[in-house]
Structure formats: structure tokens, C-alpha cells
2 protein chains.
Amino acid sequence: MTAKQSIRVLLAEDQTMLRGALAALLELEHDIEVVAQAADGREAQRLEREHHPDIVVTDIEMPQMTGLEFASHLKDSGSQARVIILTTFARPGYLRRALDAGAHGYLLKDRPASELAEAIRRVHSGLRAVDPALAAEAWAADADPLSDRERQILQRAGDGRSSADIATELHLSEGTVRNYLSEAIAKLGAANRTDAARIARTRGWL
Amino acid sequence: MTAKQSIRVLLAEDQTMLRGALAALLELEHDIEVVAQAADGREAQRLEREHHPDIVVTDIEMPQMTGLEFASHLKDSGSQARVIILTTFARPGYLRRALDAGAHGYLLKDRPASELAEAIRRVHSGLRAVDPALAAEAWAADADPLSDRERQILQRAGDGRSSADIATELHLSEGTVRNYLSEAIAKLGAANRTDAARIARTRGWL
DNA sequence: GCTACCAGATGACAAATGTCATAACCGATT
DNA sequence: AATCGGTTATGACATTTGTCATCTGGTAGC
């Protein structure tokens with residue numbers, strides 16, 4: 001029997017009520033301790049450096065920085081923390097990017113709350129915790145054809161920003177922005193930038 | 001046994017993890033008892049008739065039947081249950097419709113979990129529980145400025161369809177479609193059609 | 001009747017968007 | 001050394017989008 005050491009968890013989720021409820025629930029587990037809670041990606045990054053948790057549980061769609069970017073930065077920084085992605089979206093593209101970003105778990109918010117504690121224990125013991133149905137679907141799905149730049153620009157275009165506007169923000173020429181959008185439209189078989197953004201979103205590439 | 005009678009609650013929310021976590025959290029309150037849980041509107045309706053709860057806590061966007069429709073039917077059926085709407089969306093249009101449907105509470109998922117128990121007690125004691133910031137916004141909020149045609153066309157434009165495409169579908173000339181879009185863009189203070197669609201969506205006008 | 005106000009259309013124009021060819025630079029792979 | 005993919009840039013061009021003034025036919029109100 002090992003000494004009773006709690007698993008130290010950082011919880012990053014922008015919806016306050018869900019975050020609070022999950023934290024309270026995890027605290028009921030005697031072998032799990034929620035050491036910090038973050039409402040956005042940047043705060044999560046700061047708190048990880050401060051608390052050095054064993055496990056990070058993070059949503060994908062958050063303000064400031066997505067959970068996927070956060071996971072990616074964590075990997076690059078050589079952090080010990082293992083990441084579990086917790087999201088609404090059963091999009092194969094998200095799962096693939098999550099695994100590329102070094103995530104050890106991928107759990108859907110559609111699953112029972114009890115599975116979260118279970119996944120935390122699995123990942124802490126060195127195993128993976130990926131939704132089996134989703135893993136199968138991800139195998140059949142085609143890969144994300146977009147480069148980082150294309151994705152970054154398509155995101156902004158999908159929000160209704162003009163080419164000139166995006167160019168200024170990213171310190172690019174307007175022509176370059178148009179080139180990237182033209183490429184993305186062609187790759188996705190879309191009719192225009194708005195259509196391309198819509199397609200990319202439904203596939204989990206944005 | 002204490003003299004106090006528990007408040008009997010029905011919880012309707014389609015996201016399993018949030019539903020489970022909230023139920024667990026409410027069970028910790030000694031004066032609240034979750035007597036049933038529903039994953040969609042129709043199930044909620046069935047369980048309400050079966051358990052006769054004091055309070056119904058319901059999401060808006062659910063399969064089968066929305067929380068607003070559910071609340072409306074409850075009112076018509078002469079049920080004793082009082083309704084608290086629990087939703088992600090701070091859309092004035094939703095709040096207004098919720099109050100029209102006879103809801104006694106309107107709470108955002110962005111608020112701390114502790115407020116839910118508090119709201120349940122308030123509503124059970126005959127008071128209302130409406131997010132104050134949202135109530136103010138709803139009062140100040142201007143009405144939907146879009147005509148039916150404008151909304152119809154803006155919907156399609158927001159999905160990435162071209163003016164010519166939309167014109168064909170609606171049996172209009174392309175110029176007319178562009179005129180309507182121009183009007184909508186001006187009314188919403190948007191930069192272009194995509195921006196206009198985004199704005200209209202966030203306001204609940206689309 | 002007259003009037004006002006729709007929805008829809010037209011034409012003209014400016015601005016934004018999409019396409020394509022071409023070219024330079026860089027780092028990684030072969 | 002040669003090649004490839006990703007990034008950035010420019011210029012030219014066609015198409016689409018956004019704006020505005022103006023026109024028509026219908027319908028509802030006085």
C-alpha cells in the first residue's frame with residue numbers, strides 16, 4: 001500500500017458553474033485535490049507554473065488561449081503535468097490536435113461526472129484516457145489540411161474581419177492575407193472565406 | 001428528522017457531466033433534494049408529472065423540446081412547480097421569452113455554482129431570481145431591428161452563401177439581395193455581411 | 001380619389017475579395 | 001547539393017460585395 005499522497009489537479013474551464021461544480025465533486029474524492037482553478041487559458045498557464053500540479057484538466061474553447069494551445073505550450077515548457085482535455089465537442093480534428101499537443105486524456109462533457117475522477121486516476125498512473133467511440137471515429141477521419149497561419153487567419157476572417165484588418169493585426173501585407181485565404185478556400189473546397197470558416201469549424205480544424 | 005421539509009427539485013440539462021455535478025452539489029445542501037433528472041425537454045415533462053417537484057431547474061437548448069417550451073407548457077397545465085431557467089446565454093431576447101413563459105428565475109451558467117442553491121431557495125419562498133446585470137441589459141436592450149426578409153437573407157449570407165446563390169433560392173434579383181444585406185449591415189453597425197450575421201446571432205436575432 | 005409606404009428592381013460606382021504567376025527566404029529532408 | 005514545405009511579398013486581373021439614387025407596382029389609410 002502506497003503512502004496516501006493526493007493527486008494534485010489544476011482545473012481550467014471558462015464556465016464558472018461547471019468549474020465550481022466539478023471542483024466540489026473532485027474534492028469529495030479523498031485521493032484528489034484541486035489545487036487551483038482557472039477561467040481562461042492564460043490564467044491556467046500562470047497557475048500551472050505557480051502550483052506544479054500532477055494533472056491539468058482543461059476545456060478547449062476558452063478566452064485568451066484555447067486548451068489546445070495551452071497543452072502545446074505545456075509540452076514545450078517541459079512541464080511534468082499531464083493534460084486531460086474536457087470538451088463538449090466530439091470532433092475528430094480536436095482529438096488529433098489534442099494528442100499532437102501531448103494530451104494524455106480526452107473526455108466529453110456528455111459523459112457522467114464520475115468518469116472524470118476515473119480518468120484523472122488513469123492518467124496519473126501513466127495510462128491514457130480517450131473516449132473509445134471518438135478514438136475510432138478519429139481513425140477514419142481525414143487530417144487537417146490547414147497550416148497554422150491559414151487557421152489563424154481563417155479564424156479571424158470567420159469573425160467578419162476584413163483582410164486589411166487581419167493584415168494589420170498580424171503584421172502581414174494585405175496581399176499575403178488574401179493569399180492564405182485563397183489557399184484555405186481551395187483546400188476546403190469552399191465558395192468563399194465565410195464558407196471556408198464554417199466548414200473548418202464543423203470539422204474541428206478551427 | 002428536522003422540522004424543515006426539503007425543497008424537491010427536478011433538474012433538466014442535456015450535458016450529462018454538468019447535470020451530474022450539479023445534482024451532486026445540490027444533494028449536499030440539507031434543505032434541497034433532487035427528486036429527478038432529465039436529459040431533454042420531453043423527459044423533463046414526463047418526470048414533472050410523475051414527481052410533482054416544487055422547483056424545476058432547466059436549460060434552454062435541449063433536444064426534443066427547449067426549456068422555454070417546457071416552461072410554457074408547465075404554466076398552461078396549471079402545475080404548481082416554479083421554473084428556474086439555467087443557461088449559457090445572456091441574450092435579452094431569451095430572458096424576455098422566459099418571463100413570458102412564466103419562469104420565476106433566470107440564472108447564467110457563468111455564475112458561481114453556489115448561486116444555484118440560493119436561487120432555488122429564493123424562488124421556493126415566492127421571490128424571483130433574475131441575474132441583475134442581465135435584467136438591466138434586457139431593459140436597455142433594443143428590439144430586433146431586422147425585417148423578416150433581412151433576417152432570412154442574413155442567415156444564408158452568414159452560412160457563406162453568395163448573393164447570387166441566395167437570390168436564386170429566394171426568387172429575387174441579385175441586386176435586391178445586396179440591398180437587403182446593405183440595410184442589415186447598416187442597422188447593425190457591422191463592417192460586412194459576416195460581421196452582421198455574427199452580431200445578430202449574439203443578440204439572439206438570428 | 002390621393003397619399004404613403006411597402007417589397008422588389010435597376011444601374012452605376014467604389015471597395016473588398018478571390019485568383020494566379022512569380023519570387024525570395026528559411027529550415028528540414030533526402 | 002538538391003528538394004520540399006511553409007512563410008511572406010508583389011502586381012495584375014476578374015469577380016463579388018457594399019452603397020446609393022432612382023423607379024415600379026401593389027396595398028393600406030385617409
Side-chain angles (χ1 to χ4, degrees), chain A residues 66 68-69 72-73 75-76 93 96-97 100-102 142-201 203-206, chain B residues 143-203 205-206:
Chain A
T66 72
L68 294 176
E69 291 170 324
S72 201
H73 288 159
K75 193 175 75 164
D76 294 346
R96 187 162 309 196
R97 275 202 283 159
D100 284 349
D142 25 35
D144 181 352
L146 300 176
S147 72
D148 286 344
R149 255 314 192 216
E150 286 161 357
R151 189 178 6 266
Q152 196 182 23
I153 289 173
L154 191 54
Q155 267 168 5
R156 286 161 176 76
D159 274 350
R161 316 265 304 276
S162 71
S163 302
D165 198 0
I166 297 171
T168 305
E169 186 194 342
L170 301 181
H171 308 292
L172 295 173
S173 86
E174 189 187 327
T176 302
V177 171
R178 296 223 301 280
N179 285 341
Y180 279 123
L181 282 171
S182 185
E183 257 302 296
I185 290 166
K187 281 181 177 176
L188 298 176
N192 53 52
R193 50 178 70 196
T194 308
D195 195 25
R198 190 185 53 75
I199 291 172
R201 268 193 217 104
R203 299 256 231 280
W205 295 337
L206 217 78
Chain B
D144 182 349
L146 300 175
S147 72
D148 286 344
R149 258 308 194 220
E150 285 161 357
R151 188 177 6 268
Q152 196 180 23
I153 289 173
L154 191 53
Q155 267 167 7
R156 287 161 175 75
D159 274 350
R161 316 266 304 273
S162 71
S163 302
D165 196 2
I166 297 170
T168 304
E169 186 194 342
L170 301 181
H171 307 291
L172 295 173
S173 86
E174 189 188 326
T176 302
V177 170
R178 297 224 301 280
N179 286 341
Y180 279 122
L181 281 171
S182 185
E183 257 303 296
I185 290 166
K187 281 181 177 176
L188 299 176
N192 53 53
R193 51 179 69 194
T194 308
D195 195 26
R198 191 185 53 75
I199 290 172
R201 271 194 216 104
T202 61
R203 299 256 230 281
W205 295 337
L206 240 162

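Below, read A as the first sequence line, B as the second, and so on, with proteins coming before strands; counting in each chain starts at 1. Every value quoted in this text rests on a predicted model; they were computed, and no experiment measured them. Atom set for the values below is all heavy atoms of this structure, side chains included, hydrogens, waters and symmetry mates excluded.
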What is the distance, to the nearest angstrom, from the [atom1] atom on [X] to the [atom2] atom on [N]?
| X | N | atom1 | atom2 | answer |
| --- | --- | --- | --- | --- |
| E183(B) | dC5(C) | CD | C1' | 14 Å |
| R161(A) | dT17(C) | CZ | C1' | 16 Å |
| N192(B) | dA14(C) | CG | P | 21 Å |
| D195(A) | dT16(D) | CG | C1' | 14 Å |
| E150(A) | dT7(D) | CD | P | 7 Å |
| I185(B) | dA16(C) | CD1 | C1' | 12 Å |
| I166(A) | dT17(C) | CD1 | C1' | 11 Å |
| L188(A) | dG18(C) | CG | P | 13 Å |

Any S162(B) side-chain N or O less than 4.0 Å from OP1/OP2 of dT16(D): no
L154(B)/W205(B) under side chain to side chain contact (heavy atoms under 4.5 Å, CB included): CA gap, chis, key distance, verdict: CA-CA 10 Å; L154(B) 191 53; W205(B) 295 337; over 6 Å; no
I185(B) to A191(B) - nearest heavy-atom pair and separation: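 Smallest interatomic distance, heavy atoms only, reads CG2-C, 4.4 Å.
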For G158(A) against A197(A), the heavy-atom pair lying closest together: CA-CB, 3.7 Å
Side chain to side chain donor-acceptor pair (under 3.5 Å) pairs, two or more places apart, involving residues 185-195 of chain B: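 Every side chain to side chain donor-acceptor pair (under 3.5 Å) pair that includes a residue of residues 185-195 of chain B, provided the two are not neighbours, is T194(A)-T194(B), E150(B)-K187(B), S163(B)-R193(B), D195(B)-R198(B).
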Side chain to side chain, R151(A) and R97(A), heavy atoms closer than 4.5 Å: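 A side-chain contact exists here, since the closest heavy-atom pair is under 4.5 Å.
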Contact check, side chains of V177(B) and L170(B), non-hydrogen atoms, under 4.5 Å: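 No, side chains not in contact.
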Write down the protein N/O and nucleotide N/O pairs, taken from nucleotides 7-11 of chain C, whose separation is under 3.5 Å; answer none if there are no such pairs.
| from | atom 1 | to | atom 2 | distance (Å) |
| --- | --- | --- | --- | --- |
| dG8(C) | OP1 | R149(B) | NH2 | 3.0 |
| dG8(C) | OP2 | R149(B) | NE | 2.9 |
| dG8(C) | OP2 | Y180(B) | OH | 2.9 |
| dA9(C) | OP2 | S173(B) | N | 2.8 |
| dA9(C) | OP2 | T176(B) | OG1 | 3.0 |
| dT10(C) | O4 | N179(B) | ND2 | 2.9 |

